[in-house]
Structure formats: structure tokens, C-alpha cells
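First up is the structure itself, then whatever we jot down about it.
Chain naming here is simple, since letters A, B, ... match the order of the sequence lines and numbering starts at 1 in each.
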Amino acid sequence: MKILIAEDDQNISTIAKLVLERVGKHEVHLVADGRAALDTALSQSFDLIILDGMMPELSGPEVCRMYKEQKQNASPVIFLSAKSTPQDIAQFLDLGVGYIQKPFNPQTLCQQIETILKAA
Amino acid sequence: MKSISAKISIAVYVIAASTFIFSSYAYKAYQEMDRYQDDLHLSLYLRGFAKEIENKPSLKENIAYFKKVRKNVFPEYRSIAISNIVQALNANSPQLQAKRFKEFQESERRFYNETLPKIEVAKDFFKKYVLLSVLSPLIGIFLFSVYLKRSIVHPLQKLSQRMMDFLVDRYTFKFSTPENNEIGDLQRTFNSLAQKAINSMDELKALDRAKSEFVSIASHELRTPLTSIKGSLGLLSSGIVGDLNGESLGLIRIAEQETDRLVRLINNLLDLAKMESRTFKLQTHWHSLQTLLESCADSLLGLAQTAQVRIQILRPPEDLEAKFDSDRIQQVITNLMSNAIKYSPKGSSVTLRYFVNTQSALEVDIIDSGPGIAESDQQLIFEKFRQATQPESRLVKGTGLGLAISKALVEEHGGTISVRSESGKGSTFYFTLPEWRKLESIQKDAA
Ligand SMILES: Nc1ncnc2c1ncn2[C@@H]1O[C@H](COP(=O)(O)OP(=O)(O)OP(=O)(O)O)[C@@H](O)[C@H]1O
Ligand SMILES: [Mg+2]
């Protein structure tokens with residue numbers, strides 16, 4: 001799969017990239033803010049987009065909303081966030097196909113993603 | 001003087017004064033009546049006496065008597081008639097005497113005729129004033145009670161209604177300006193009290209908001225670095241980035257376990273903070289207990305297998321349903337079960353059962369054959385960060401928040417949570433749910 005990860009914390013994106021490449025054998029593309037995420041998602045095509053909840057420029061949900069408005073047959077979006085209030089989770093599930101809570105378990109991350117995509 | 005007490009004094013004064021005035025008038029009328037009657041008696045007596053001595057020779061004492069009487073009779077024509085009698089008696093002339101006596105009788109008759117209606121009038125006055133002196137206090141008291149009702153009882157009732165409203169949060173500041181009297185003072189005092197209470201409530205709400213904001217930001221800020229730590233450790237320990245020697249792997253595993261504990265601690269703290277905030281709401285529906293327990297058992301299968309503990313569910317003869325927030329009660333059972341599994345010896349089993357207890361509440365029991373809990377610790381462990389003074393679990397280190405959260409959740413449902421245990425003899429953690437029904441009866445209802 002070709003995956004876009006938008007994550008402003010460089011440590012987290014490094015780890016996520018490593019896991020997805022080594023364990024899942026995916027092709028991973030990294031961006032570090034909301035604006036870049038939207039531009040990249042619109043200009044290239046990905047099989048999956050993973051968005052952090054809080055990013056500079058544009059938040060994850062904002063990116064997702066704009067992306068879905070502007071792109072026909074948009075790719076599935078999964079949120080990766082440290083937020084966990086019921087309102088936040090409801091928003092993530094409304095906009096995307098799923099939500100992964102930080103901190104995630106690197107051993108099971110790929111599995112988690114597969115489960116979400118299967119259910120969607 | 002304040003207006004209500006002034007009005008009360010005035011009313012009492014007016015009632016007393018009117019009673020006094022009317023009764024004194026009645027008394028005066030009575031006296032007048034009495035005097036007229038005395039006059040009449042005297043007149044009748046004089047006429048009798050005059051008749052007796054009319055044709056008799058005049059006596060000195062009779063003359064003296066008439067002379068004396070003359071001064072005491074009114075009006076003037078009577079005293080003139082008596083003076084004439086005295087003259088005639090002095091003159092000793094029988095004709096003149098007869099004539100004067102006749103005139104006297106006529107004047108007395110005239111007097112009688114004039115006085116009788118006066119007595120009637122006085123009698124009427126007397127009756128009227130007696131009636132007034134009885135009626136005026138009655139009317140006064142009636143009017144006074146109307147006033148009391150209108151200006152004291154009704155405002156008090158309104159005020160108490162307002163206080164009730166305040167108690168059930170339906171309070172508004174929409175009411176007429178309080179009157180300038182004692183009740184008005186009471187109202188004003190209550191208004192300021194209410195204002196004060198509302199202010200401190202607002203303050204509390206603001207604090208509450210600030211607190212939950214703080215907790216959510218803090219947990220976000222804590223989770224972000226933990227994501228990197230947990231991720232790095234996970235990559236190292238799983239060998240994805242290359243193999244480590246045994247000792248290094250051991251150390252990494254320790255770091256990993258403690259990171260997991262930290263993550264659980266943050267999640268639990270966040271949960272507790274949520275529950276303690278006023279905005280926390282349950283989403284209750286009817287759920288089958290059997291289904292609930294089975295899904296809890298499923299979710300803990302992994303932990304149970306690692307611990308080599310069996311999970312067993314005892315079914316009651318008929319399934320029961322209860323009204324609860326499924327996620328939240330699942331959290332409670334998972335907490336209790338993971339404790340039970342954590343503290344169970346290898347090869348033992350953890351038993352779940354549910355039934356209607358003697359207080360006719362639905363009870364769920366989680367039974368283990370672990371070390372048990374000393375009597376002195378049984379209350380304590382339900383408090384935040386309190387753990388029993390026992391050797392640690394052989395499996396996972398806890399955060400000391402699981403039971404505190406469970407207690408808050410069960411109590412939010414209107415139930416109770418507790419433990420029956422003896423040191424060394426296993427423990428039974430149990431909680432109750434007040435709203436339940438038999439599944440059988442639901443099917444009957446539907447049929
Ligand atoms: N089934 C049990 N048998 C014996 N002791 C128990 C049992 N359940 C709880 N305890 C005692 O009560 C304490 C508090 O339990 P609690 O679930 O609140 O915290 P914890 O299990 O230590 O941490 P966590 O927050 O991870 O659940 C435990 O530390 C343990 O000492
Ligand atoms: Mg526990």
C-alpha cells in the first residue's frame with residue numbers, strides 16, 4: 001500500500017514509518033503539517049491517509065474535511081491522535097474510517113490498520 | 001417602624017378604638033333611656049300623689065314637697081304648673097286649687113306624651129350602638145385577616161415557591177421589585193443569597209472546566225512523548241530493527257512494561273477526571289447480562305491465558321436484563337476481572353455470576369481464589385491510589401485507580417460496589433444495579 005502519514009512530531013512519524021515499512025512492507029510518505037498534508041493528498045494518490053489530530057496550519061479533521069470535499073473517490077482516512085474525549089472520538093469516526101489511540105503499539109499497528117480497513 | 005408591623009398596630013388600634021367608641025355610645029344611649037324612664041316614673045308618681053291630695057285641705061308638708069319637686073322637673077311648663085299648685089295651696093282656694101290640679105295633670109300628660117317617643121329613640125340608638133360595637137371588631141378582624149393573607153401569607157408562599165424553584169435549578173431573576181416591608185426584606189435577602197450561590201456555582205463550573213481542560217491538555221502532552229518511547233521500545237523488543245542480546249532485551253521489556261503502566265495511569269486519570277466533572281453523562285439502555293459477561297470474558301482471554309487462569313460464567317436459570325451504560329459497566333467488570341486474574345494463582349479459575357440478591361437488586365459477582373484482602377484494607381482499596389499492603393501481583397503492576405473508577409461508575413448507576421474476602425481465602429468483588437428485569441417477562445410482553 002502507498003500510505004501518507006501527516007504527523008508533526010518527528011519522533012512519532014519516524015517510528016510509524018519504520019513500523020509500516022518493515023512490518024507491513026508499505027510505501028510510506030511523510031508530511032509534518034496540515035497544509036502539506038492536504039496539498040500532498042490532493043496532488044498524489046494514496047491507498048491510505050493517516051492524519052494526526054492536532055497539527056500546525058490545519059488540524060487533522062480540517063484536512064480530512066477539505067480533502068473529501070475536493071477529491072473525487074477519496075482514499076480512506078484514519079486518525080492517529082492522543083485525544084480521547086468522547087467528542088473527539090465521535091468527530092474522528094464521523095470524518096474518517098477509523099481512529100487509533102496514541103500511544104500505539106508498534107507490534108500491532110499494521111494489524112489495527114488492516115482491521116479498520118476491512119470493517120470500512 | 002417597618003410597614004407591616006406599623007399596619008398591624010394601626011389595625012389593632014382601629015379595631016379597639018371603634019369597639020370602645022361604639023360601646024360608649026351604646027352606654028350613653030342606655031343612660032338616657034334610663035333617665036327618661038325615671039322622669040316618667042316620677043311624673044306618674046306625682047300625678048298619683050296630686051290626685052290624692054286634690055280635694056283635701058292643703059298641708060304644709062305637701063306644699064314643701066311640691067316646692068322641692070318643682071326644682072327637679074323639666075321642661076319649664078311643668079315647673080310652672082307645680083308653682084301654680086303651690087300658689088293655689090298657699091291661697092287655700094278650693095276652686096283655684098281644682099283648676100291648678102287639672103292644669104297640672106294636663107301638663108304631666110303632655111310631658112308623658114313627649115317623653116315616650118324620646119325613650120323609643122334612645123332605645124333605637126342603644127340597639128344600634130350595641131350592634132355596631134359587636135360588628136365593628138368582627139368586620140375589622142375580617143378585613144385584617146384579608147390583609148394578612150394578601151400582604152404576608154401570599155408573598156411568603158411566593159417566596160417559598162421561588163426557593164423551591166431555586167432548589168431544582170429553575171431559578172430566574174424575573175420577579176417584581178420587593179416591597180418596602182419585612183417580607184420585601186426577606187425577599188431581598190433571599191435574592192442576594194441566591195445570587196451568591198449562583199456566583200459560587202459559576203465559579204465552580206469555571207473551575208471544573210479549567211480542570212477538565214487541564215487534564216485533557218496534560219494527557220495529550222503526556223501521550224505524545226509516550227508514543228515515541230513506547231514505539232521505540234516496541235520496535236527494539238520485537239526485533240523488527242535487529243536482534244538484541246538477552247540482557248538488553250530484559251531491560252527493554254522492563255522499560256516497556258513501565259511505559260504501559262504509565263499509559264494506563266494516564267488513561268485512568270483522564271477517566272476519573274471525566275467522571276468527577278459535572279458534565280459526565282451515562283448512556284443507559286437495556287442489555288442482557290449474559291451477553292455482557294461473555295464479551296468481558298472474551299476481551300480478557302489473552303490476559304487469562306498468560307496468567308494460566310480459567311474464566312467461568314455461572315448462568316442463572318433465567319437470563320436477566322439491566323439498564324446501564326454498556327461501555328461503562330464493561331469497564332467496571334473488566335477492572336474487577338483483570339484484578340481477579342492478576343491476583344489468582346496459576347491453574348485456578350475466576351468465576352462470574354449474576355442473580356437477584358436479597359435486597360432485590362441485580363448483583364454481579366467476580367470470584368477469585370487469590371490471596372484475599374485483609375479486613376482493614378477492604379474499604380481502603382476503593383480509594384484513589386490506594387493499594388492493599390500485600391505482595392505485588394506476579395503479572396502486571398497496577399496504578400491503584402481501577403477500583404476507584406469502578407466505584408464511581410457503579411455509584412453513577414445508583415448501585416453499590418464492595419468486596420467479601422478473608423486474607424488467604426480468595427475474594428469476591430460484587431456490585432449491584434438497581435434497574436433490572438427478567439428476560440422471560442419481556443418475551444411474554446412482546447407475545
Ligand atoms: N481480586 C483481588 N485480590 C486481591 N487483592 C486485590 C484484588 N483486587 C484488588 N486488590 C487490591 O486492591 C488494590 C487496588 O485495586 P485497583 O484495581 O484499584 O488498582 P490496581 O489493580 O493496583 O491498578 P489498576 O489501576 O491498574 O487496576 C490492588 O492494588 C490490590 O492490592
Ligand atoms: Mg485493577
Side-chain angles (χ1 to χ4, degrees), chain A residues 3 5-26 28 30 32-34 50-56 59-61 78-93 99-113 115, chain B residues 209 211-243 249 252-253 255-275 277 279-283 302 325-328 331:
Chain A
I3 301 175
I5 298 182
E7 165 64 66
D8 61 326
D9 189 301
Q10 209 195 323
N11 292 339
I12 296 179
S13 57
T14 308
I15 291 164
K17 183 172 197 270
L18 216 128
V19 172
L20 292 178
E21 281 174 352
R22 297 275 175 94
V23 181
K25 312 283 179 228
H26 300 301
V28 179
L30 289 182
D33 66 71
I50 297 177
L51 298 175
D52 182 16
M54 293 212 290
M55 285 182 289
S59 77
I78 292 177
F79 289 96
L80 182 67
S81 179
K83 286 184 165 185
S84 68
T85 66
Q87 299 92 295
D88 288 325
I89 294 176
Q91 194 189 25
F92 295 148
L93 295 180
Y99 149 82
I100 294 170
Q101 167 84 63
K102 278 184 198 168
F104 56 85
N105 186 341
Q107 279 106 312
T108 55
L109 182 64
C110 289
Q111 220 177 307
Q112 241 175 314
I113 289 172
T115 319
Chain B
R209 230 174 298 127
K211 182 183 148 192
S212 44
E213 228 165 81
F214 169 78
V215 171
S216 103
I217 291 172
S219 59
H220 179 267
E221 293 311 308
L222 287 168
R223 274 172 182 161
T224 303
L226 275 172
T227 308
S228 301
I229 297 172
K230 188 172 154 67
S232 305
L233 292 173
L235 284 173
L236 287 172
S237 71
S238 63
I240 293 171
V241 285
D243 288 337
L249 196 61
I252 295 281
R253 289 255 152 86
E256 220 180 356
Q257 272 173 21
E258 292 300 320
T259 310
D260 282 346
R261 182 165 160 209
L262 212 49
V263 172
R264 267 187 293 121
L265 177 62
I266 291 163
N267 292 344
N268 285 345
L269 271 178
L270 196 61
D271 261 355
L272 259 186
K274 252 184 248 162
M275 270 173 258
S277 89
T279 49
F280 181 69
K281 289 263 151 34
L282 292 176
Q283 274 163 359
D325 185 324
S326 162
D327 285 347
R328 294 318 197 162
Q331 192 178 356

Q10(A), CD atom: more than 12 neighbouring heavy atoms under 6.0 Å: no
In sequence, state the C-alpha distance, the side-chain angles, and the governing distance for T227(B) and D9(A), and then conclude on side-chain contact (heavy atoms from CB on, under 4.5 Å). CA-CA 10 Å; T227(B) 308; D9(A) 189 301; over 6 Å; no
Roughly how far, to the nearest 0.5 Å, is the [atom2] atom of [Y] from the [atom1] atom of [X]?
X: E21(A); Y: I240(B); atom1: CD; atom2: CD1; answer: 12.0 Å
X: I12(A); Y: I229(B); atom1: CD1; atom2: CD1; answer: 10.0 Å
X: K102(A); Y: L226(B); atom1: NZ; atom2: CG; answer: 11.5 Å
X: D271(B); Y: S84(A); atom1: CG; atom2: OG; answer: 7.5 Å

Between P106(A) and G234(B), which heavy-atom pair has the shortest distance, and what is it? CG-CA, 3.4 Å
Which pair of heavy atoms, one from P103(A) and one from R223(B), lies closest together, and at what distance?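 Minimum heavy-atom separation between P103(A) and R223(B): CD-CG, 4.0 Å.
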Does a side-chain heavy-atom distance below 4.5 Å link S219(B) with K83(A)?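 A side-chain contact under 4.5 Å is absent here.
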Sole candidate of N11(A), T14(A), I15(A) that passes side-chain contact (heavy atoms from CB on, under 4.5 Å) when paired with S232(B):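 Going through N11(A), T14(A), I15(A) one by one, the side-chain contact (heavy atoms from CB on, under 4.5 Å) with S232(B) is satisfied by I15(A) alone.
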Contact winner vs chain B - L109(A), D52(A), N105(A), heavy-atom pairs under 4.5 Å: N105(A)
By a 4.5 Å heavy-atom criterion (distance strictly below it), what part of L270(B) contacts chain A: side chain, backbone, both, or neither?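 For L270(B), side-chain heavy atoms alone lie under 4.5 Å from chain A.
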